[in-house]
Amino acid sequence: MKKLGFGLMRLPDIPETKEIDIEECKKMVDAFIARGFTYFDTAWMYCGYKCEGAVKEFLTSRHDRDTYILATKLHHGYLKSEGDVERIFNEQLEKTGVTYFDRYLLHDIGVAGYEIFKKYDCFNWIQNLKEKGLAKKIGFSFHDTADFLDKVLTENPFFDFVQLQINYLDWESDGIQSRKCYEVALKHNIPVVVMEPVKGGTLAKVPEGVKRAFKGYNPDASVSSWAIRFAASLENVECVLSGMSNMTQLQDNMGYMEDFEPLNENELSIIEKAVRIINSDIAIPCTGCEYCIATCLADIPIPSYFSLYNADKQELEDKKFTAQEGYYHNLSKIHGKISDCLECGKCEEMCPQNLPVMKLLKEVSDYFE
């Protein structure tokens, strides 16, 4: 399997109607398969719940079953009664027009979602899917801390893969913990599928200083190629999903991923420089020293919340969905919410950056809560 996967969350649409442009999707899918790429990733709610049905029109009804790998997901937010799990899965089979899925995922496991999946016995259920041949491989997508990922994988060692948010900007993020989560996957020897390698387009529109550094090394490489190759260069990553919404993006990605070459040491150094440039303009200049945590009576993970806020502020303004709010609410299930702050001021006394921590906490609380 080639390392580039087609993420179907951001399909091209018809401007006048905003409906999925099926004819354009057919052209893109045909080109993708013709170049030897096989992995397609969808989900129940993508494109306003219309993506799985569109998959039948542009992919499964037009290509032999052994020429593609189809992945879809079950999100905990749609589980309200005992029959919902089977009902949704059967509808997914019908909508996509297949008799089995190559990959099936429990979608968005975090502190809250984990309990819902356990409530509806989804961990036994998904194993049964595999035993029946209805899912060739089973996995889950994840948006939470590395410690919680370790817990999930320890308690459920049967999964075949895990889908993680990994990109060079989130790699050392205290809130998203890309590197730490990746290292947990390595520890458990479980393959990784990467989502958000370009952060929903954010890393395709970088500051001019970053763009100059990239183009100065390789004038022909697109800005987004650096982000996708960063994720694909990691050991144990079997596929990197890219949400491609037009033929230009598709052709660009296929061009450098058809015969993929990992990043070299010079390129990794340039990416480190890029991260420093991007982070030099962050909203809250917290260094993550965690001195404030040691004195917080409300158990508020202040640096993690600041990190998530910074990450969200770096997203494109017109992006419809970002993951940071989910990370915030997952963290607040096991630690204090910002609104639990007692305003004792101990965090400000301890901050070596002399940040107005309580004022900033109020700003972040208003933003996420």
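We're numbering straight along the sequence, starting at 1.
Using a 30° and 60° split on the angle between ring planes, F159 and F123 fall in the perpendicular class, above 60°. Ring pair F37/F32 is parallel by interplanar angle, where below 30° counts as parallel and above 60° as perpendicular. Taking the six-membered ring where tryptophan is involved, the planes of F140 and F142 are perpendicular, since the angle between them exceeds 60° and thus also 30°.
Hydrophobic clustering of Ile, Leu, Val, Met, Phe, Trp and Tyr side chains at less than 4.5 Å, counting indirect connections, keeps L297 apart from I338. M358 and I293 end up in different hydrophobic clusters when Ile, Leu, Val, Met, Phe, Trp and Tyr side chains are linked at under 4.5 Å.
Between Q324 and Y367, the side chains place no donor N or O within less than 3.5 Å of an acceptor N or O (distance only, hydrogens not considered). T322 and E315 form no side-chain donor-acceptor contact under 3.5 Å, judged by distance and modelled atom types alone. A donor-acceptor contact closer than 3.5 angstrom is absent between the side chains of Y256 and N218. Of the N and O atoms on the side chains of E52 and T72, at least one donor lies less than 3.5 Å from an acceptor on the other residue. Checking D84 against S81 by side-chain atom types alone, a donor-acceptor pair falls below 3.5 Å. A donor-acceptor pair shorter than 3.5 Å cannot be found between the side chains of D108 and S141.
For the side-chain hydrogen bond (donor to acceptor under 3.5 Å, both in side chains) with Y104, the lone residue among K137, Q92, K130 that qualifies is Q92. Here the options are R103, R10, K73, the test is salt bridge (Lys or Arg N to Asp or Glu O under 4.0 Å), and the partner is D41; only K73 passes.
K26 has a carboxylate O that lies under 4.0 Å from a charged side-chain N of E23, or vice versa, which qualifies the two as a salt bridge. Under a 4.0 Å N-O distance rule, the pair E172/R179 qualifies as a salt bridge. With salt bridges taken as basic N to acidic carboxylate O contacts below 4.0 Å, one links R87 and E91. With salt bridges taken as basic N to acidic carboxylate O contacts below 4.0 Å, none links K180 and E183.
Checking side-chain atoms of S233 against main-chain N and O of L263 turns up a donor-acceptor pair under 3.5 Å. When atom types are taken as modelled, the side chain of N246 and the backbone of T248 share a donor-acceptor pair closer than 3.5 angstrom. S307 places no side-chain N or O within donor-acceptor distance of the main-chain N or O of P303, the cut-off being under 3.5 Å. With hydrogens and angles ignored, the 3.5 Å screen pairs no side-chain donor or acceptor of K211 with any backbone N or O of V223.
For the pair S178 and N167, the tightest heavy-atom approach, listed with the atom from each and the gap, is OG-N, 4.0 Å.
Remark: K118 NZ to H76 NE2 distance equals 13.5 Å, nearest 0.5 Å.
Residues H143 and M195 form a side-chain contact, since some pair of their non-hydrogen atoms from C-beta on lies under 4.5 Å apart.
F161 belongs to a hydrophobic cluster whose other members, connected by ILVMFWY side-chain contacts under 4.5 Å either directly or through intermediates, are M1, Y39, I69, L105, V193, L241.
Take E86 and apply the side-chain contact (heavy atoms from CB on, under 4.5 Å) test, not counting sequence neighbours, and it matches N90, W125.
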Test ring-ring contact (aromatic ring centres under 6.0 Å, His included) on W226 and Y168; report intermediate values, then the result.
CA-CA 9 Å; W226 288 77; Y168 64 73; 8.6 Å; no

